[in-house]
Amino acid sequence: MKEEVIKLLKELEELDAEERKKGIPIELRMRNITPDVGLFLNILIKATKAKNILEIGTSNGYSTIWLGLAAKENNGQVVTLEVDPRKINMARANLERAGLSDVVLIIEGDAKETIKILDKKFDFVFIDAEKEDYKTYFDLIFPKLQVGGLIVADNVVSHAEQLKSYVEHVRSNPKTQSVLLPIGRGEEVTLKIRE
Ligand SMILES: C[S@@+](CC[C@H](N)C(=O)[O-])C[C@H]1O[C@@H](n2cnc3c(N)ncnc32)[C@H](O)[C@@H]1O
């Protein structure tokens with residue numbers, strides 16, 4: 001990884017830690033994934049050679065950088081969905097600094113609506129928006145996921161009670177295999193095994 005990108009990721013990690021320490025209200029904070037989860041997603045995308053990647057919940061683009069770096073190596077693309085224009089501006093600037101503007105497409109709006117206009121199949125999906133919407137996102141994106149594709153959902157340990165029904169939902173689907181990885185805030189990794 002280039003020195004400038006390592007520096008940028010560090011800066012964003014410090015910003016996120018500072019915001020959490022100061023107790024800034026949740027809707028204003030960046031709420032980034034932890035660095036180990038960023039690296040895990042990056043490794044998973046490279047190992048599976050995923051090219052079409054979707055992220056739900058961009059924030060300031062911290063996780064998007066990890067996804068974008070892997071997509072670039074795979075000659076792929078990341079589509080990322082975000083509703084907050086202020087965070088989109090920050091993400092654009094961060095992705096530009098990371099040299100990923102041509103790899104990432106940011107779509108502004110409510111993801112529950114913008115998902116519906118996506119007209120391609122994805123190999124890899126990362127869900128990291130509001131917990132009450134996870135099941136809706138899963139149901140909207142599952143038909144657009146390739147067989148052999150993965151859906152990773154964040155916060156399954158940190159918000160275990162809120163996401164209990166999501167976990168039950170994905171695990172009871174006969175077309176999936178799903179497992180919890182207890183890294184970061186807890187990642188539920190779901191594989192689509194058949195159409
Ligand atoms: C936990 S943060 C994402 C953090 C980001 N993935 C990272 O690790 O850098 C959740 C984001 O989802 C966005 N969001 C929440 N509901 C949304 C919706 N319905 N459509 C699009 N974005 C949404 C929020 O504005 C917020 O930026």
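One is the number of the first residue; the rest follow in order along the sequence. Start at 1 and go down the list; that is how both ligands and their atoms are numbered. Everything numeric here is computed off the predicted structure, so don't read it as measured data.
For the pair Lys87 and Glu27, the salt-bridge criterion is not met [side-chain N within less than 4.0 Å of a carboxylate O]. Using a 4.0 Å cut-off between a side-chain N of Lys or Arg and a carboxylate O of Asp or Glu, Glu4 and Lys7 do not qualify as a salt bridge. Using a cutoff of 4.0 Å between basic side-chain nitrogens and carboxylate oxygens, Glu132 and Lys135 are not scored as salt-bridged.
Nearest non-hydrogen protein atom to atom 9 (O) of ligand 1 is Asn32 ND2, 2.8 Å. Nearest protein neighbour of atom 20 (N) of ligand 1, counting heavy atoms only, is Ala111 N, 2.8 Å. Nearest protein heavy-atom contact of atom 16 (N) of ligand 1 is Glu130 CG, 3.6 Å. Given atom 12 (O) of ligand 1, the protein heavy atom at minimum distance is Gly57 CA, 3.5 Å. Scanning all protein heavy atoms for the shortest distance to atom 7 (C) of ligand 1 gives Ser63 OG, 3.0 Å. The protein heavy atom nearest to atom 1 (C) of ligand 1 is Arg31 O, 3.3 Å. When hydrogens are left out, the protein atom nearest atom 8 (O) of ligand 1 is Ile33 N, 2.8 Å; that is the closest non-hydrogen contact.
Heavy atoms of Glu55 come nearer than 4.0 angstrom to ligand 1 in at least one pair.
Taking any N or O of Phe126, backbone or side chain, none lies under 3.5 Å from an N or O belonging to ligand 1. Where the criterion is an N or O separation shorter than 3.5 Å, residue side chain and backbone included, Ala129 fails it with respect to ligand 1. On a distance-only criterion, Asp128 and ligand 1 share at least one N/O pair closer than 3.5 Å.
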Audit row: Arg31, Ile26, side-chain contact (heavy atoms from CB on, under 4.5 Å) steps and yes/no: CA-CA 8 Å; Arg31 301 161 60 197; Ile26 191 160; 3.6 Å; yes
Residues Glu13, Tyr62; criterion side-chain hydrogen bond (donor to acceptor under 3.5 Å, both in side chains); working and verdict: CA-CA 8 Å; Glu13 284 155 20; Tyr62 176 78; 2.5 Å; yes
Verdict with reasoning, Lys120 to Gln77, per side-chain hydrogen bond (donor to acceptor under 3.5 Å, both in side chains): CA-CA 12 Å; Lys120 63 176 176 183; Gln77 200 210 21; 2.9 Å; yes
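Interface of Ser59 with ligand 1, defined as ligand atoms under 4.0 Å from a residue heavy atom, comprises 3 (C), 4 (C), 5 (C), 27 (O). For ligand 1, the atoms sitting less than 4.0 Å from at least one non-hydrogen atom of Lys112 are 19 (N), numbered in the order shown with element in parentheses. The ligand atoms of ligand 1 that sit less than 4.0 angstrom from a heavy atom of Gly109 are 20 (N), 21 (C).
A search for side chain to side chain donor-acceptor pair (under 3.5 Å) contacts involving Glu18 returns nothing, not counting sequence neighbours.
With atom 17 (C) of ligand 1 as the reference point, the heavy atom nearest to it among Asp154, Asp110, Val83 is part of Val83. Looking at Glu108, Glu82, Met30, it is Glu82 that brings a heavy atom closest to atom 26 (C) of ligand 1.
Only the side chain of Tyr137 comes within 4.0 Å of ligand 1, counting heavy atoms alone; its backbone N, CA, C and O stay farther away. Contacts of Thr58 with ligand 1, taken as heavy-atom pairs under 4.0 Å, involve the backbone alone.
In this structure, Val79 is a member of the same hydrophobic cluster as Leu145, with clusters built from ILVMFWY side-chain heavy atoms closer than 4.5 Å.
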Would you tabulate the side-chain donor-acceptor contacts of residues 165-179 under 3.5 Å, counting partners in other chains and residues two or more places apart, or write 'none'?
from, atom 1, to, atom 2, distance (Å)
His169, NE2, Asp139, OD1, 2.8
His169, NE2, Asp139, OD2, 3.4
Arg171, NE, Glu188, OE2, 2.9
Arg171, NH2, Glu188, OE1, 2.9
Arg171, NH2, Glu188, OE2, 3.2
Ser172, OG, Glu168, O, 2.9
Ser172, OG, His169, O, 3.1
Asn173, OD1, Lys175, N, 2.7
Thr176, OG1, Val170, O, 2.7
Thr176, OG1, Asn173, O, 3.1
Ser178, OG, Glu188, OE2, 2.6
Ser178, OG, Val189, O, 3.4
Ser178, OG, Thr190, OG1, 2.7

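In this structure, Val103 and Gly76 approach most closely via the heavy-atom pair CG1-O, 3.8 Å.
With respect to Asn60, the side-chain contact (heavy atoms from CB on, under 4.5 Å) criterion is satisfied by exactly one of Leu95, Ile88, Asp16, Asn94: Asn94.
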